[in-house]
Asks: 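The structure that follows is given in the form of structure tokens.
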Amino acid sequence: QPHHFDKPSDCLFISSRIARNMKRKHDDVTSTPNKPTSHLPISHHYEVSYTHADTVTHCVQSPRFGYVFTASNDGVVKVWKRTGNSPMGGAAINPNTGSAIKQQPRCLEFVKSFRSHVGAVRSLVMSKNGETATSVGEDGVVKFYDVSTFDVSGMIREPDHKGGLGPAATFVMKDQSCLAVARKHDSAIVIYDVETLSEVKVLESLHDSPVTSMSYNSKYDVLVSFDS
């Protein structure tokens, strides 16, 4: 019900009493350790997730530069930096309890993310010298990455891939100057020049069924392929 005041001083008295009560409640909440605020997670418990949103299907690393490349079913390629097995910096302190927070060692630190392909990544390979990584997608796109700068260095687009490019891929030649990529629809192996990003040769009629795996032996300069 509305109150009727005889003079303005009554209003001031009521207002000051309400303000004192509000301040008392605020001080009681913030100063009492048994209140819910003491159970709120501290800032160290909050972090941005840099992990893949879809299933991780491939993982390769470059021992030379210490980078790890991962790929997932949604066409995303991510770059990570190996940091060793020791946690960075000193121990963090919980401001609510004053005790040290136990930190888990971080072996990988997020570096960069690429939405490289429309659809799944079929192959993710690293050159033997660790300088170049390549992803092959079901969208008919082949992307090359400069590992030292963790950036895209080139791209090849197959206009007539028919959804079957890249069940298997590997770098070939002793200087790793070419890339061999399997085609699913005709069981052929396509050789690309890494420098010019052009098609060098197509190896046809080698398999009766799609190639599922390939491996290159640099010592004898031999490419071995397997089909299903």
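If you're wondering where the values come from, they're calculated on a predicted model, not measured in any experiment.
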Asks: Looking at every heavy atom in both Glu195 and Asp193, which two are closest together, and how far apart are they?
Replies: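 Answer, listing the atom of Glu195 first, then Asp193: N-OD1, 2.8 Å.
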Asks: For the hydrophobic clusters of this structure (ILVMFWY residues joined by side-chain heavy atoms under 4.5 Å, transitively), does one cluster hold both Leu223 and Met173?
Replies: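 Cluster IDs for Leu223 and Met173 match.
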Asks: With hydrophobic residues grouped by side-chain heavy-atom distances under 4.5 Å, do Val121 and Phe144 end up in a single group?
Replies: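 No, it is not one cluster - the side chains of Val121 and Phe144 are not joined through contacts under 4.5 Å.
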Asks: So, Asp175 versus Ser177: side-chain donor-acceptor pair below 3.5 Å or not?
Replies: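 The answer is yes; a qualifying pair exists.
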Asks: Tell me, do Phe110 and Val79 make a side-chain contact under 4.5 Å, heavy atoms counted?
Replies: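 Side chain of Phe110 against side chain of Val79, heavy atoms only: no contact under 4.5 Å found.
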Asks: I need the Ser225 OG to Ile189 CD1 distance, nearest 0.5 Å.
Replies: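 Result: 4.0 Å between the selected atoms.
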Asks: Strictly distance-based, threshold 3.5 Å: is any side-chain N or O of Glu158 a donor or acceptor partner for the main-chain N or O of Gly140?
Replies: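 Side chain of Glu158 to backbone of Gly140: no pair is present.
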Asks: With a 4.5 Å limit on heavy-atom distance, are the side chains of Asp151 and Phe114 in contact?
Replies: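 They are in contact (side-chain heavy atoms under 4.5 Å apart), so the answer is yes.
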Asks: Ser127 side chain to Thr132 main-chain N or O, any donor-acceptor pair under 3.5 Å?
Replies: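 Looks like yes, one N/O pair under 3.5 Å.
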Asks: Any sub-3.5 Å donor-acceptor pair from Tyr50's side-chain atoms to Glu109's backbone N or O?
Replies: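 Between the backbone of Glu109 and the side chain of Tyr50 there is no qualifying donor-acceptor contact (under 3.5 Å).
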Asks: What is the distance from atom CD1 of Ile191 to atom SG of Cys178, rounded to the nearest 0.5 Å?
Replies: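 It is 7.0 Å, given to the nearest 0.5 Å.
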Asks: What are the two closest heavy atoms between Met126 and Val60, and how far apart are they?
Replies: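 Minimum heavy-atom contact is CE-CG2, 4.0 Å.
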Asks: State, with a plain yes or no, whether a side-chain heavy atom of Ser113 is found less than 4.5 Å away from one of Val76.
Replies: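 Yes, close enough: below the 4.5 Å cut-off.
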Asks: Should the pair Lys81 and Tyr67 be classed as cation-pi, given the thresholds of under 6.0 Å to the six-membered ring centre and 45° from the axis?
Replies: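 Output yes; distance and angle both within limits.
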Asks: Do the side chains of Leu179 and Val172 get nearer than 4.5 Å, heavy atoms only?
Replies: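 The answer is no; the side chains never approach within 4.5 Å.
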Asks: Check Ser135 against Ser116 and note the closest heavy-atom contact, atom names and distance.
Replies: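 Between these two residues, the closest heavy atoms are OG-CB, 4.3 Å.
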Asks: Calculate, to the nearest 0.5 Å, the distance between atoms SG and CZ belonging to Cys59 and Phe69 respectively.
Replies: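 Cys59 SG to Phe69 CZ: 11.0 Å, rounded to 0.5 Å.
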Asks: Please report the interatomic distance OG(Ser213) to CG(Asp227), rounded to the nearest 0.5 Å.
Replies: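 So the gap between those two atoms works out to 10.5 Å.
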Asks: Look at the side-chain heavy atoms of Ile, Leu, Val, Met, Phe, Trp and Tyr, link any pair under 4.5 Å apart, and say whether Val190 and Phe226 land in one connected group.
Replies: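 Cluster IDs for Val190 and Phe226 differ.
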Asks: Are side-chain heavy atoms of Trp80 and Arg82 found at a separation under 4.5 Å?
Replies: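 Side chain of Trp80 against side chain of Arg82, heavy atoms only: no contact under 4.5 Å found.
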Asks: Same cluster for Leu124 and Val147 if Ile/Leu/Val/Met/Phe/Trp/Tyr side chains link at under 4.5 Å?
Replies: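 Shared cluster, yes.
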Asks: Indicate yes or no for a side-chain donor-acceptor contact from Lys143 to the backbone of Met155 under 3.5 Å, with no hydrogens or angles considered.
Replies: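 Judged by distance alone, no pair lies under 3.5 Å.
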Asks: Side-chain heavy atoms under 4.5 angstrom apart, residues restricted to Ile, Leu, Val, Met, Phe, Trp, Tyr: same cluster for Tyr216 and Leu203?
Replies: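 Same hydrophobic cluster.
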Asks: Between the side chains of Ser123 and His58, is a donor N or O closer than 3.5 angstrom to an acceptor N or O?
Replies: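 No pair is found: no donor N or O on one side chain lies under 3.5 Å from an acceptor on the other.
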Asks: Counting heavy atoms not belonging to Asp221, are there more than 12 under 6.0 Å from its CG?
Replies: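 Yes.
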Asks: Taking atom types as modelled, find out whether Tyr145 and Glu131 have a side-chain donor-acceptor pair closer than 3.5 angstrom.
Replies: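 Looking only at side-chain atoms, Glu131 and Tyr145 do not form any donor-acceptor pair under 3.5 Å.
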Asks: Hey, mind stepping through Val142 and Thr134 against side-chain contact (heavy atoms from CB on, under 4.5 Å) and telling me if it holds?
Replies: CA-CA 7 Å; Val142 181; Thr134 300; 3.5 Å; yes
Asks: Are Asp139 and Arg157 ion-paired here, with the side-chain N under 4.0 Å from a carboxylate O?
Replies: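 Not counted as a salt bridge, because no side-chain N and carboxylate O are separated by less than 4.0 Å.
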Asks: Can you see which heavy atom on Leu197 is nearest to which on Ile156, and at what distance?
Replies: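 Smallest heavy-atom distance, with atoms named: O-CG1, 3.7 Å.
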Asks: Could you check whether any side-chain heavy atom of Thr212 comes within less than 4.5 Å of a side-chain heavy atom of Pro167, counting everything from C-beta outward?
Replies: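 Thr212 vs Pro167: side chains apart.
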Asks: I want to check something: taking the side chain as every heavy atom from C-beta on, are Leu165 and Val181 in contact at a cut-off of under 4.5 Å?
Replies: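 Yes; the side chains approach each other to less than 4.5 Å.
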Asks: Would you check if there is a donor-acceptor pair between the side chains of His207 and Ser187 at a distance under 3.5 Å?
Replies: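 Not at all, the side chains of Ser187 and His207 share no donor-acceptor pair under 3.5 Å.
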Asks: Test side-chain contact (heavy atoms from CB on, under 4.5 Å) on Phe171 and Val125 and set out the steps.
Replies: CA-CA 8 Å; Phe171 284 91; Val125 293; 3.7 Å; yes
Asks: Taking all non-hydrogen atoms of both residues into account, name the closest pair between Glu138 and Gly119 and its distance.
Replies: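 Residues Glu138 and Gly119, closest heavy atoms: OE2-CA, 3.3 Å.
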Asks: Quick one: do Val202 and Glu204 satisfy side-chain contact (heavy atoms from CB on, under 4.5 Å)? Show the steps, please.
Replies: CA-CA 6 Å; Val202 179; Glu204 298 177 305; 3.5 Å; yes
Asks: Do Lys78 and Thr70 have a side chain donor and acceptor closer than 3.5 Å?
Replies: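 Not at all, the side chains of Lys78 and Thr70 share no donor-acceptor pair under 3.5 Å.
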Asks: Check Ala168 against Met214 and note the closest heavy-atom contact, atom names and distance.
Replies: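 In terms of heavy atoms, the two residues are closest at O-CE, 3.5 Å.
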Asks: Any side-chain heavy atom of Thr55 sitting closer than 4.5 Å to one from Ser72?
Replies: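 No - every pair of side-chain heavy atoms lies 4.5 Å or more apart.
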